[in-house]
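Note on naming: letters A, B, ... go to the chains in the order of the sequence lines (proteins, then strands), and numbering restarts at 1 for each one.
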Protein chains: 2
Amino acid sequence: MIRLGKLTDYGVGLMTRMARDGADEQTNARDLSGRTGMPLPTVSKILKLLCQGGLLESRRGVGGGYTLARHPRDISLADMVGVLEGPMALTECAGEGDCKCEYLADCGLQRQWAGINRRLQATLASVTLADMAAETDSCPTLEGKGA
Amino acid sequence: MIRLGKLTDYGVGLMTRMARDGADEQTNARDLSGRTGMPLPTVSKILKLLCQGGLLESRRGVGGGYTLARHPRDISLADMVGVLEGPMALTECAGEGDCKCEYLADCGLQRQWAGINRRLQATLASVTLADMAAETDSCPTLEGKGA
DNA sequence: GGCATAAAGTACCAAAATAATCCTAAATTT
DNA sequence: AAATTTAGGATTATTTTGGTACTTTATGCC
Ligand code: FES
Ligand code: FES
């Protein structure tokens with residue numbers, strides 16, 4: 001089915017909301033939880049991960065919270081997915097050098113998988129948070145290059 | 001991590017082997033199991049699924065087995081992944097009409113997700129079984145369009 | 001007709017990945 | 001010092017996946 005994890009889905013949703021609310025606005029986990037209806041622990045966890053991944057910046061203590069680390073135009077979907085799901089590796093083979101495949105030894109598919117992997121990642125990299133946050137019906141990036 | 005299921009990985013490997021062995025050759029589960037080292041039950045299961053999905057054709061009984069339903073050039077990676085993993089739906093939203101998202105109600109991301117979904121699928125659709133089976137180092141499809 | 005072979009269908013169990021929660025520590029403001 | 005808010009880690013429960021087994025149906029051969 002090739003489905004992203006729920007956390008990733010939620011994470012993109014949260015970042016989109018932050019982007020819409022203003023690129024420089026600060027918000028905190030409790031606030032976002034309240035506005036989205038998502039349970040606070042989950043929101044906290046996701047924001048924490050996004051911060052570790054360098055996509056958000058944090059301020060602790062009273063009045064603390066999170067802000068976007070970069071402008072929405074400079075944060076790609078690939079960044080977000082990468083942080084929340086780890087590096088894309090479609091198959092065992094798709095990684096770089098060592099294929100420790102149990103079966104199909106030397107099936108010679110590494111090159112192909114790696115190429116496909118690269119292309120999929122490029123697609124994700126071409127979509128920015130700004131694109132996701134755009135509320136207009138016509139999104140240049142998404143509609144223009146579509147297939 | 002965006003990883004395909006093992007069964008999908010194996011399935012593509014099996015079909016690739018079949019394509020390499022000749023587009024019209026017939027083979028059976030036991031034979032393929034022997035050649036790849038994969039356990040017979042698993043091979044059976046995968047071939048069965050591929051057959052149900054219309055990618056293979058089967059002949060029962062003595063001397064029976066499986067053959068490719070179409071020429072490798074006419075079987076895409078999207079076909080194979082679709083059969084073995086179900087229809088691609090990156091997120092809850094990505095499907096067609098109804099978003100029964102628990103949280104983030106009306107986050108307005110359906111259009112974006114659907115577009116991304118379409119583009120990823122198009123990428124998979126552009127790779128054929130023939131491309132996968134090609135043993136040459138330069139694969140027109142994969143290398144030419146790469147990013 | 002009966003037997004051997006091979007796929008089709010169904011069901012089940014085990015293992016792994018994921019989601020969700022909780023708790024304690026550290027930082028920062030008032 | 002007290003209150004707030006993130007950081008980090010660990011735990012538990014749920015779902016998905018992978019793997020296996022068993023029974024049934026179809027086909028060819030003797
Ligand atoms: S599965 Fe490892 S080389 Fe193909
Ligand atoms: S999660 Fe359903 S509309 Fe966005």
Side-chain angles (χ1 to χ4, degrees), chain A residues 1-11 13-14 18 26-34 36-69 81 83-86 89-92 101-104, chain B residues 1-14 18 26-34 36-69 81 83-86 89 91-92 101-104:
Chain A
M1 200 180 289
I2 304 198
R3 186 163 223 140
L4 298 171
K6 277 191 188 180
L7 295 193
T8 305
D9 190 357
Y10 295 162
L14 290 173
M18 289 179 73
Q26 188 186 52
T27 183
N28 61 41
R30 181 178 308 275
D31 181 29
L32 277 173
S33 169
T36 59
M38 291 176 54
L40 178 56
T42 301
V43 174
S44 291
K45 184 179 192 173
I46 294 171
L47 294 178
K48 193 194 311 176
L49 287 171
L50 289 169
C51 188
Q52 287 176 334
L55 267 37
L56 296 179
E57 283 180 353
S58 63
R59 284 186 56 202
R60 296 208 245 193
V62 177
Y66 293 96
T67 52
L68 296 176
V81 172
V83 165
L84 293 169
E85 307 246 339
L90 228 54
T91 68
E92 209 96 27
C101 47
E102 199 174 353
Y103 314 119
L104 301 175
Chain B
M1 202 181 286
I2 304 198
R3 186 163 224 140
L4 299 171
K6 278 192 189 180
L7 295 192
T8 306
D9 190 359
Y10 294 162
V12 173
L14 290 172
M18 288 178 75
Q26 188 187 54
T27 182
N28 60 41
R30 180 178 309 276
D31 181 29
L32 277 174
S33 167
T36 59
M38 291 176 54
L40 176 57
T42 300
V43 174
S44 291
K45 186 179 192 175
I46 294 171
L47 294 178
K48 190 196 312 174
L49 287 171
L50 289 169
C51 189
Q52 287 175 333
L55 268 35
L56 296 179
E57 282 180 352
S58 63
R59 285 185 54 201
R60 296 209 247 194
V62 177
Y66 292 97
T67 51
L68 295 175
V81 172
V83 166
L84 293 169
E85 308 246 338
T91 68
E92 208 96 26
C101 46
E102 197 173 355
Y103 313 119
L104 301 174

> Which of these nucleotides, D/dT20, C/dA27, C/dA7, is closest to any side-chain atom of B/P39?
Replying inline: D/dT20
> Over how many whole Å does the gap from B/R60 atom CZ to C/dA4 atom C1' extend?
Replying inline: 15 Å
> How many Å lie between CG on A/D9 and C1' on C/dT18, as a whole number?
Replying inline: 14 Å
> Hey, what do you get for CG (A/L40) to OG (A/S44), rounding to the nearest 0.5 Å?
Replying inline: 4.0 Å
> Can you check the A/E57 CD to D/dA7 C1' distance for me, whole Å?
Replying inline: 16 Å
>> Counting only side-chain nitrogens and oxygens, does A/Y66 get under 4.0 Å of the OP1 or OP2 atom of D/dA7?
In response: yes
> Side chains of B/E57 and B/T67: donor-acceptor distance under 3.5 Å anywhere?
Replying inline: no
>> At 4.0 Å (heavy atoms only), tell me whether A/L7 reaches a base, stays on the sugar-phosphate, or touches nothing.
In response: sugar-phosphate
> Do any side-chain nitrogens or oxygens of B/R3 fall under 4.0 Å of OP1 or OP2 in C/dA17?
Replying inline: no
> Taking atom P of D/dT14 as reference, at what distance in whole Å does atom NZ of A/K6 sit?
Replying inline: 13 Å
>> Without decimals, in angstroms, what is the distance between B/R30 CZ and C/dA7 P?
In response: 9 Å
> Quick one: is C/dG9 close enough that its OP1 or OP2 comes under 4.0 Å of any side-chain N or O from B/Q52?
Replying inline: yes
> Hey, is the side chain of A/S58 poking within less than 4.0 Å of OP1 or OP2 on D/dA7, counting only N and O atoms?
Replying inline: yes
>> Please find the pair of heavy atoms, one from B/L7 and one from B/L84, that lie closest to each other, and give the distance.
In response: O-CD1, 3.9 Å
> Is there a donor-acceptor contact under 3.5 Å from the side chain of B/S33 to the main chain of B/M38?
Replying inline: yes
>> Could you check whether any side-chain N or O of B/T8 sits under 3.5 Å from a backbone N or O of B/L4, counting only pairs where one atom can act as donor and the other as acceptor?
In response: no
>> At less than 4.0 Å, is any side-chain N or O atom of B/T42 found next to OP1 or OP2 of D/dG18? Yes or no.
In response: no
> Given atom NZ of A/K45 and atom P of D/dG9, what is their separation to the nearest angstrom?
Replying inline: 13 Å
> Within this structure, what is the CG-to-P distance between B/N28 and D/dT27, rounded to whole angstrom?
Replying inline: 17 Å
> Rounded to the Å, how far apart are A/I46 CD1 and D/dA7 C1'?
Replying inline: 16 Å
> Starting at the 5' end of DNA chain C and moving along, which residue's nearest nucleotide shows up first, B/K48 or B/V62?
Replying inline: B/V62
